[in-house]
Amino acid sequence: MNFYEQVYTVVRRIPRGRVTSYGRIAKMLGRPRAARAVGYALNALRDEADHDVPWQRVVNAAGRISIVNREFGSNLQAEKLRDEGIVIDEQLRLVDFTAVLWVGLDWHETEDLIDSNGK
DNA sequence: TTGTTGACCCAAG
DNA sequence: TCTTGGGCCAACA
């Protein structure tokens, strides 16, 4: 199981209507400083036609959406999150970030998850 | 092997 | 608030 797959495994555990951050995911995987790599992994999803990873539930540590659309005034990630009931303002900030934040799993639990799921 | 590039993070100012 | 700078990790040429 490579790093990307580990990231996806954790992201799939995020409940609907909740969010977490790149850094937290990295921490769950036992790599507290690999946040950038998590973003890189999610970026790679765009090329995969068929996946069930709720990438929209991952934002940066400040509770803001990091993906920039060239199209003015709309943002795919914001739309998806609003569909789940999350309130986002015009500047792509999650209004109630702390309330919807998914604290996630500790390293130990994540390890088990990856083991049982991995090949 | 080296350098560059990100959907990042955090501390300062 | 916002901008900077330094630090980090993984993929890729």
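Side-chain atoms are counted along with the backbone in the values below, which use heavy atoms only and exclude waters and symmetry mates. In what follows, chains are A, B, ... by sequence order, proteins preceding strands, each numbered from 1.
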Report yes or no: does [X] contribute a side-chain atom to a donor-acceptor pair with the main-chain N or O of [Y] at less than 3.5 Å?
{"X": "A:Q56", "Y": "A:Q77", "value": "no"}
{"X": "A:R57", "Y": "A:V11", "value": "no"}
{"X": "A:E84", "Y": "A:L81", "value": "no"}

Remaining members of A:V87's ILVMFWY cluster at a side-chain heavy-atom cut-off under 4.5 Å?
A:V95

Give one of base, sugar-phosphate or nothing for A:N60, where a contact means two heavy atoms less than 4.0 Å apart.
sugar-phosphate

Under 4.0 Å, counting only non-hydrogen atoms across every strand here, what does A:R24 touch: a base, just sugar-phosphate, or nothing?
nothing

Given side chain to side chain contact (heavy atoms under 4.5 Å, CB included), test A:L105 with A:V10 step by step and report yes or no.
CA-CA 9 Å; A:L105 314 165; A:V10 170; 5.5 Å; no

Using a 4.5 Å cut-off on heavy atoms from C-beta on, say whether the side chain of A:Y4 contacts that of A:L42.
no

Taking the side chain as every heavy atom from C-beta outward, state whether A:D96 and A:T98 have any pair of such atoms under 4.5 Å apart.
yes

Under the rule for salt bridge (Lys or Arg N to Asp or Glu O under 4.0 Å), what residues qualify as partners of A:R13, not counting sequence neighbours?
none

First-last contacting nucleotides on DNA chain B - partner chain A, under 4.0 angstrom, heavy atom
B:dG6 to B:dC10

Heavy-atom closest pair (A:R16 atom, A:D83 atom, distance to 0.1 Å) is NH2-O, 3.3 Å

Summarise how protein sits on nucleotides 8-13 of chain C as a single string, 5' to 3': B when a protein heavy atom is under 4.0 Å from the base, S for sugar-phosphate-only contact, - for no contact.
BBSS--

Hey, can you pull the donor-acceptor pairs under 3.5 Å for the side chains in residues 20-38 of chain A, sequence neighbours left out?
| residue | atom | partner | partner atom | Å |
| --- | --- | --- | --- | --- |
| A:T20 | OG1 | A:W102 | O | 3.2 |
| A:S21 | OG | A:R24 | N | 3.2 |

Please list residues of residues 87-99 of chain A whose heavy atoms come under 4.0 Å from any atom in DNA chain C, ordered by number; otherwise none.
none

